[in-house]
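See structure below.
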Amino acid sequence: MPLSWEQFYAENPPPSDLDQKRHYVQDFCQKHLNNGSRIVLITSGGTTVPLEHHTVRFVDNFSAGTRGSASAEYFLEIGYAVIFLYRLKSIEPYLRHVMGSRFLDMLEIDKSADNTSISVKPSEVHNILPVLTKYNAAKESQKFLQVGFTTLSDYLWLLKTICETLPSFGARAMIYLAAAVSDFYVPATQMPTHKMQSQDGAPTIQLDLVPKILQPLVSSWVPNAYVISFKLETDENILIKKARGALLKYKHKIVLANLMDTRRSRVVAVTPEDETEIILTEEQKQKGLELEKFIVDYLSEEHSKFIMESTAQ
Ligand code: PAZ
């Protein structure tokens, strides 16, 4: 039997900086509450499940945070205030375009200034300029807040804390759950304190089920928000059935169903009424377009309808 969500929070302590992060989020929300702005909480990247309290080893998953970080840029572009709850060291908005050693390849040292000056290579300006322009616009608008997590338990604490600051936005709040959250974990009470020793033999690791957090999120924490979850599968035959099952159980608005292998080019938006395929063609990809742009366009339109319906009631 999995723990109830209340028991999970009672047994797994919050991150030590939870209060500080709560204050950042409250200040951010306060700023955007009265200016009529829509707000989206985006979750991004994978959670880790520690195997020891002083963690040397942990269970992780594949998610790089591409979906979440690209989506954040597109939501900012159309005026949403964005809270980006992301796995530390996963892909971040804007930075994702200049990551890794490629960044150093974009720079050159100005030898005529006696090696005291660095600039962007003229041949790279057209790559960096649009990114920097959008990044500066997001910064100036003060509409972008990043909140980092690493472990499953930190993620769940932060998710709850952020959701609890959003109800005053009513229907203007969207929750966009793109993170790949572990379904299994080692309860804090069953974890060794220190690094497991090989001299003690092969460990037997018992993973428990993580309670389904979508249930309190939809029904109690943000009951008036526009909640979208993702469903990832590797077997096409069960994808839509599982997405429908989630909608039926949690009664949120949309499940975006995707398969691991085709997740960059296809998602199916499953609602109680129908299914809409959102596709990125090879041609669009060659032009530098991304699937997330189409996902965000689709969702913002649906969100507009939802806000209108909610205010008409
Ligand atoms: O982070 P990424 O871009 O590599 O992958 C995105 C994704 C597959 C994690 C996301 O689209 C998704 O399906 N998230 C929910 C996963 C799940 O718990 O079913």
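Ligands are counted one by one from 1 in listed order, and the atoms in each one are counted from 1 as well.
- Sorted by first and then second residue, the salt bridge (charged side-chain N to carboxylate O under 4.0 Å, His left out) pairs involving residues 258-270 (not counting sequence neighbours) are Glu236-Arg266, Arg266-Glu277.
- Taking the ring centre of Tyr250 as origin, the terminal cationic atom of Lys212 falls outside the region bounded by 6.0 Å and 45° from the ring axis.
- With 3.5 Å as the limit, one finds no donor-acceptor pair spanning the side chains of Tyr135 and His97.
- Applying the salt bridge (charged side-chain N to carboxylate O under 4.0 Å, His left out) definition to pairs two or more places apart or across chains, those involving residues 4-17 are Asp17-Lys21.
- For the residue pair Gln206 and Gln190, no side-chain donor N or O sits within less than 3.5 Å of a side-chain acceptor on the partner.
- Residue-level contacts of ligand 1 at the 4.0 Å heavy-atom threshold are Phe62, Ser63, Ala64, Gly65, Thr66, Arg67, Ala178, Ala179, Ala180, Phe230, Lys231, Leu232, Asn258, Arg263, Arg264.
- Take Arg172 and apply the side chain to side chain donor-acceptor pair (under 3.5 Å) test, not counting sequence neighbours, and it matches no residue.
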